[in-house]
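Keep in mind that what you see is a predicted model, and the values were worked out from it rather than measured. So you know, we letter chains A, B, ... as the sequences are listed, proteins then strands, and number each from 1.
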Amino acid sequence: MTTQLSGSCAIVGMGRSISLKSDAERKTPLQLVVDAASQAMREAGITRKQVGALLTGRMPRTYCSLQYNQAVLNELKITPMISTEVTSHGAGALGTIELAVVLLQARVIDYALCVCGEASPLWIEMVEGSANWEADLQFEAPYGATTPALYAQVAQRYMHDYNIRPEQCARVAVENRLWALDHPQAAMRKKGKISVDDVLSSRMVASPLRMLDCAAWFPGGIGSAAVITRADLVPESPSKPSWILGFGQSSTHEWIGERFALRGAGPTENGPNITNLGVGEAARQAYAMSGLRPADVGIVETSAPFTFANLMVLEELGFCGKGEGGDFVEGGGINYDGGLPFNTTGGYLSFGQSGQGLYLLKEVLEQIHGEPEGRPVPGVKVGLVHGHGGPLACHSVMLVGGERP
Amino acid sequence: MTEETTIDWSTGMRLMAGDMFLGLYQPSPETTGYWDGVRRHEFLLKHCLRCDGCHHPRRILCPDCNEAVSAWKPAKGTGKLHSYSEVHRATGVFAKSTPYTVGIVELDEGVPLFARIFGEPGIDVPVEVDFRVLEQGALLPVFVVKTAP
C-alpha cells in the first residue's frame, strides 16, 4: 500500500457553520459552506489566491446546480487549478480530503479547500422527499419503498444471518443518546436518556426498524470546510494541525435492490450478499496505509443512520468479529462509561443527520486537541471517522492524529 | 381503471424549475421490453446471448462478458425472498396502505428484484410473480409468498 501517503498531509484549518430551524433567518447551503470555507481559510492563514484545489461534496438537495462546486468557487472568488465535486454520497465528504492528499502529495497543488454541506431540513419536508433520492424511481419507489424500508432490507437479513437481537441494536441508540445529552449542538440534547425498552416500544417504522432505531434529522443545516496542506508547508507553531494517517474507500451500488446482483468484486468476492458492507474494504485500506490497528484508535465517529448499521460498522472496522456486533455492544463495548468512545456527538441517531459533512471529522479533531464541544475524551492520540452514503452503498474510513508522524 | 397501464420511463421525466426546463430524469429506453412484458402479464429478464445469463431489467452491459445486453427472455417468475421489511410509516399515496411489505426477491435465475410482497414474509421463503395495480395506479410485477401445498 501507499504508506508514503500516511502523515504526508495535515488539516491546518477547519470551519463549520450551522443554521437552525429555530433561527430567525434560515441560511442556504451555499451561505453555510461559504461561511465555513472562510473560517477554514482564516484558520489556515491562506488567501484565496493560494487555493490550489476546491473539492466539494455533492450538490445539496436545496441548492440544485449542475456544477455546485463552481457556484462555491464563484462565491469565494478563487481560481483553483482543480475544481470538482467528490460525490460518493455522504462518503464523498471524507473523499474530498482523500483526493486532496493525493493531489498534495503529487505536488500539483499546495493547498486544498474541501467544502461540504446540506441545509435541506430548513427548506423542505425531509421524510417525503428523501426516498425519491434513495430509491430507484422506476424499480423500487413504485412499490412504496421508504428510506427506512430500503435500509431495513439489510437489517432483516443481517439480523437473521447473524442472530442479532433487537435489544442488542437498541443499545447503540441508548449509548449514543448519553453522548448527545452532553453535546450543545445535538438534536436530542434536551430529550433525556432512553432505555432499551424505550427503543423496543417505540413505533415500528419499517420492520425491524423502530423509530428510535432510526437517525433523527438534524434540525437545520451544517456547512463544513477544511484546508489541507503538505507536511513541508505545515508551520511548526503556533498552529494545531491534524495529521491524516490513513484512509480508504469502497462503493458497491446505487440502489439497494440491486446490491445482490454484485458478484465477485469487493465485499462480494466470496458470493453475492447484502450483509458485507464496503466498510471492511475501506478500513483495510486505511489501516494498511497507516500501519495502525483498531486497538490504536481512541475515538470513533460514524454516519451510520440506523442502530443495526452501527453494529455492522463496528464489526467491519475490526472492533469485533463479523456478526459479533450485538454481543460487543451488549458486553459494554461502546458504553458511555468505559467503552470505546463511539459517536461522541450523539451520532446520527441523537446528534442528527445533516447530509454530507465534515462535522464528524471536526469532532474527532477537537477531541484530539482537547477542545471538544461536548464531553471530553481524554488522551486520544488517533481517531477514526467513517463516512457513509447512499443506502449502505459508499463507505469512507479516515484515521487522523494530533502529532506529526 | 379499465385498462392496465405501466409508467412510461423510456423518454425520462422532465425536470422543471418553474416553467424553465432543466433536463431529464433517467430516460430508460432499455427497459421498454420489460414493461411491454408486464402489460402482457409476462415476466421477462435481460438476457445475455453470449453467456446465456439473465440480468436485472435495467442492465445495459453483461458484467460477466463485458457485452451489451438488449435481448429479453421469459423468466420462471419464481424465487426466494432474500430480505424484506413491513412498512408501517409511508407518505403520499402509500400512506393509506400501511402496513405493506417490500422485499428483495432472489429469482431462480440468480437476479435480484425489489418488489411488493404479498403473504406472510420470511427469509428465503419461496415466492412467485403476480401482476397487480398498486397505489400509483400502474401495473407492476409483485411477488406472492407460496403457501405449503
Side-chain angles (χ1 to χ4, degrees), chain A residues 64-66 125-133 135-161 202-211 214 253-265 268 271-275 391, chain B residues 6-7 9 12-13 15 17 22-23 25-26 28 31 34-35 55-59 63-64 81-95 97-107 110-117 121-124 134-143:
Chain A
C64 289
S65 166
L66 204 54
E125 165 54 45
M126 294 304 290
V127 174
E128 187 160 12
S130 75
N132 293 338
W133 290 100
D136 180 335
L137 289 193
Q138 185 175 175
F139 287 97
E140 295 175 349
Y143 294 107
T146 63
T147 297
L150 296 170
Y151 285 81
Q153 303 299 320
V154 178
Q156 194 85 258
R157 186 78 204 192
Y158 165 70
M159 292 172 73
H160 172 270
D161 286 1
S202 63
R203 183 156 61 114
M204 188 65 87
V205 173
S207 71
L209 306 175
R210 294 177 179 275
M211 184 64 91
C214 304
H253 58 275
E254 173 64 355
W255 300 297
I256 195 71
E258 276 215 59
R259 167 60 200 272
F260 197 72
L262 182 70
R263 297 188 299 250
T268 63
N273 68 77
I274 60 172
T275 53
Chain B
T6 55
I7 298 167
W9 291 95
M13 302 288 173
L15 298 174
L22 294 179
Y25 178 85
Q26 299 183 6
S28 180
T31 61
Y34 178 77
W35 296 114
H55 295 290
H56 191 279
R58 259 199 185 282
R59 274 302 63 67
D64 298 322
L81 193 55
H82 189 71
S83 196
Y84 64 93
S85 174
E86 190 177 72
V87 181
H88 288 256
R89 189 170 175 235
T91 57
V93 293
F94 300 104
S97 297
T98 58
Y100 57 83
T101 301
V102 292
I104 297 170
V105 173
E106 182 188 357
L107 297 166
V111 178
L113 199 72
F114 192 92
R116 181 71 61 85
I117 308 299
I123 295 285
D124 290 336
L134 296 189
E135 293 82 355
Q136 291 181 325
L139 182 68
L140 291 164
V142 301
F143 285 82

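Both the backbone and the side chain of B/Glu86 come within less than 4.5 Å of a heavy atom in chain A. Both the backbone and the side chain of B/Ile104 come within contact range of chain A, each with at least one heavy atom under 4.5 Å from a heavy atom of that chain. In this structure, the portions of B/Phe114 lying under 4.5 Å from any heavy atom of chain A include both its backbone and its side chain. Within the 4.5 angstrom heavy-atom criterion, no atom of A/Arg259 approaches chain B. With a 4.5 Å cut-off on non-hydrogen atoms, B/Tyr84 touches chain A through its backbone and its side chain both. Neither the backbone nor the side chain of B/Val111 comes within contact range of chain A, judged by heavy atoms closer than 4.5 Å. With a 4.5 angstrom heavy-atom cutoff, B/Pro63 does not touch chain A via any of its atoms.
With chain B as partner, the option from A/Val205, A/Leu150, A/Leu66 having the largest number of non-hydrogen pairs under 4.5 angstrom is A/Val205. Counting heavy-atom pairs under 4.5 Å between each of B/Ile123, B/Val93, B/Val87 and chain A puts B/Ile123 at the top. In terms of heavy-atom pairs under 4.5 Å with chain A, the best-connected choice from B/Pro57, B/Ser83, B/Ala17 is B/Ser83. Ranking B/His56, B/Glu135, B/Gln136 against chain A, the residue ahead of the rest is B/His56, based on heavy-atom pairs under 4.5 Å.
By the 4.5 Å heavy-atom criterion applied to side chains, B/Ile117 and A/Tyr143 are not counted as neighbours. Here the side chains of A/Glu258 and B/Arg58 are in contact, with some heavy-atom distance below 4.5 Å. Contact annotation: the side chain of A/Gln153 approaches that of B/Val102 to within less than 4.5 Å [non-hydrogen atoms, C-beta and beyond]. Contact annotation: the side chain of A/Arg263 approaches that of B/Asp64 to within less than 4.5 Å [non-hydrogen atoms, C-beta and beyond]. The shortest side-chain heavy-atom distance between A/Thr146 and B/Phe94 does not fall under the 4.5 Å cut-off.
Taking the six-membered ring where the residue is Trp, A/Phe260 and B/His82 present tilted rings, their angle falling between 30° and 60°.
Rounding to the nearest 0.5 Å gives a distance of 11.5 Å between OG of B/Ser28 and CG of A/Leu137. Rounded to the nearest 0.5 angstrom, B/Gln26 CD and A/Asp136 CG are separated by 6.5 Å. In this structure, the separation between CZ on A/Arg157 and CG on B/Leu81 is 9.0 Å, given to the nearest 0.5 Å.
Side-chain atoms of B/Ser85 come within 3.5 Å of backbone N or O of A/Ser207 as a donor-acceptor pair.
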